[in-house]
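Comments concern the structure below.
Along the sequence shown, the residues carry numbers beginning at 1.
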Amino acid sequence: MLGLLTLPLCLLGSAFWLGRHVRPSADEWCFLPSVRDHGIVGLLGKFYLSDNGRLGNGLLVGLYAKFGVAGHQWFGLVSGVVMLGLLWAVTVLLLRLAGRTAPRGVPLLVASMVTVVFLFASLNTYKTFYWPASSVSHTAAPVLACAAAVPLLWARSRRGRVVAAASALVVGAFLGTLSEETSVVALVVLAALLLLNRRILVPRVRAHARAWCLAGVAGIGIGTLLLLTSPGSRNRRERYDAGTASMFAPESLADSLDGFLDILGTLFTTWHYLGALAAGVLLALLTGNREGRAPVLLPCRPLFLLGAGTVTFLVAGYLCTVITYPLFGSHVVTAYRTWNDYLLLFVVLLAGAGALLGRALRGRAGVVATAAGAAMCVSVCVGLAFPLGELGENMRVRAEKWDHQDQWLRERAARGARILPYKPLSVSGMGEPFGGRGSRIWPAGCVADYYHLKRITYTERLPR
């Protein structure tokens with residue numbers, strides 16, 4: 001099993017290494033000069049007062065933008081390790097609370113396979129993982145929400161449970177100012193846990209779980225209120241006509257449902273997600289009962305658990321589509337990065353379904369199921385390695401051109417030039433000045449600010 005573990009870890013390591021080819025684009029052209037000239041506090045003020053009101057988002061953006069290009073290059077490694085570490089910790093703690101024990105490496109295998117399919121099975125891995133401005137809002141955000149569960153799963157005393165509730169309050173408040181979509185998903189999950197408390201937990205932990213859920217709901221409410229009442233959020237809603245009236249209009253709700261059904265069609269036909277299902281099967285087949293540890297979960301009822309998880313995912317995904325539809329319209333179906341807010345829930349649901357399936361296959365079919373699960377994990381890792389390698393090569397080519405143009409612009413600006421030509425350099429559909437053969441100007445003004453120029457003009461050739 002340790003040999004199988006090397007595949008997803010090597011894939012993640014390769015992805016982290018390719019992060020050295022990331023260069024700023026799209027919104028980051030505007031973040032960089034703002035942080036350089038006004039610091040992180042200045043960017044927070046910009047977010048809160050004019051852009052979108054997301055203080056938590058502004059803080060995370062400022063932390064990587066403070067280091068310029070290097071911050072973008074290191075972002076994939078840092079965020080990826082944090083996400084993998086959190087999912088690993090949650091897996092280990094859930095096994096302990098379920099009264100199960102696993103061979104060394106199995107929890108990490110499950111966490112790494114979940115991480116791999118979550119990050120790389122996307123239809124646009126660059127925007128999902130390598131674009132920091134998107135990742136902090138839609139990819140890292142749902143994993144960071146899992147951080148609130150770690151103190152609860154770890155707690156063994158009254159003081160520990162108080163700390164867990166306080167952590168849920170703080171993480172919830174931060175989440176409310178980080179990502180509206182992830183906040184919606186978290187609220188749906190917490191509401192489901194509150195409703196199903198008596199049907200999945202033993203009596204001795206129910207009160208503590210309810211307190212934790214309510215603390216999380218309160219925290220998200222505080223953060224969301226802070227965001228929605230901000231001048232930046234009001235400006236954004238007015239700019240895109242994304243008020244509650246348009247959001248919950250019957251035609252918008254119907255179009256959101258059509259869009260979500262299209263998204264589900266894509267998710268259900270992307271075979272790489274079976275890697276999470278296979279990891280769950282292996283988890284169930286390779287774990288055993290933990291001696292001397294009373295579980296906190298009631299005896300397993302597979303159909304009930306699978307049904308409850310499926311309904312929770314569908315409600316969360318649809319509500320996320322509803323709140324993003326006024327901004328993206330019909331393009332919500334192709335705005336792949338916005339799927340990630342509920343995609344983690346989908347991947348975890350598949351892993352859970354795999355665990356229930358593996359539990360049913362114990363016995364004579366166990367050896368065959370173990371071999372099939374391992375083979376699927378191998379197939380998924382190999383299948384994802386090729387597009388990741390192709391993306392890495394595209395990133396490398398862009399990085400070379402970007403660095404050449406960057407040096408040329410800096411040299412000319414240092415000599416006193418005020419207007420210089422710029423060739424758009426895009427990868428994976430990323431926004432660049434003069435995209436669409438010069439038809440889209442944004443963010444040309446931010447690029448000019450970055451290089452201390454008055455303005456830039458469009459050119460189809462790289463400078464020599």
Walk me through whether C320 and T338 qualify under side-chain contact (heavy atoms from CB on, under 4.5 Å). CA-CA 8 Å; C320 280; T338 64; over 6 Å; no
Heavy atoms only: give me the nearest [X]-[Y] pair and the separation to one decimal.
X	Y	answer
A65	V35	CB-CG2, 3.9 Å
V205	L201	CG2-CB, 3.9 Å
M430	A26	CE-CB, 3.8 Å
S233	L228	OG-CA, 3.8 Å
V185	D341	CG2-O, 3.4 Å
L306	A353	CD1-CB, 3.7 Å

How far does [atom1] of [X] sit from [atom2] of [Y], to the nearest 0.5 angstrom?
X	Y	atom1	atom2	answer
L123	Y336	CG	OH	5.0 Å
F260	D255	CZ	CG	15.0 Å
F16	L84	CZ	CG	6.5 Å
L7	L12	CG	CG	11.0 Å
E181	L175	CD	CG	10.5 Å
L384	S379	CG	OG	10.5 Å

Side-chain contact, heavy-atom cut-off 4.5 Å: [X] with [Y]?
X	Y	answer
T312	V189	yes
S134	T128	no
C381	M113	yes
P24	W402	yes
L93	V90	no
V110	L282	no
H21	R398	no
R362	L285	yes

Any donor-acceptor pair under 3.5 Å linking the side chain of [X] with the backbone of [Y]?
X	Y	value
N340	R337	yes
R159	R156	no
Y126	V22	no
R96	L153	yes
S230	L227	yes
W212	A148	yes
E28	S25	yes
T6	G3	yes
T334	H331	yes

For the [atom1] atom on [X], are there more than 12 heavy atoms of other groups (residues, nucleotides or ligands in this structure) within a distance under 6.0 Å?
X	atom1	answer
F304	CZ	yes
W271	CH2	yes
R206	CZ	yes

Go through V217 and L187 one step at a time and tell me if the side-chain contact (heavy atoms from CB on, under 4.5 Å) criterion holds. CA-CA 6 Å; V217 170; L187 285 173; 4.1 Å; yes
Could you walk me through whether L283 and L95 satisfy the side-chain contact (heavy atoms from CB on, under 4.5 Å) test, starting with their C-alpha distance in whole Å, then the side-chain angles of each, then the deciding distance to 0.1 Å, before giving a yes or no? CA-CA 10 Å; L283 181 66; L95 282 174; 3.9 Å; yes
Pair R204-V296, side-chain contact (heavy atoms from CB on, under 4.5 Å): steps then yes or no: CA-CA 8 Å; R204 72 176 188 275; V296 301; 3.5 Å; yes
Walk me through whether F129 and F118 qualify under ring-ring contact (aromatic ring centres under 6.0 Å, His included). CA-CA 10 Å; F129 180 57; F118 176 53; 9.8 Å; no
Taking the six-membered ring for Trp, are Y325 and Y318 closer than 6.0 Å centroid to centroid?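 No, the ring centres sit 6.0 Å or more apart.
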Residue of the set L11, T115, L391, V380 for which side-chain contact (heavy atoms from CB on, under 4.5 Å) holds with F120: L11
What is the ring orientation for F346 with Y273, classed by angle as parallel under 30°, tilted 30 to 60°, or perpendicular over 60°? perpendicular
With a 4.0 Å cut-off on N to O distance, would you call R54 and E180 a salt bridge?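 Looking at E180 together with R54, the answer is yes, because their closest N to O distance falls below 4.0 Å.
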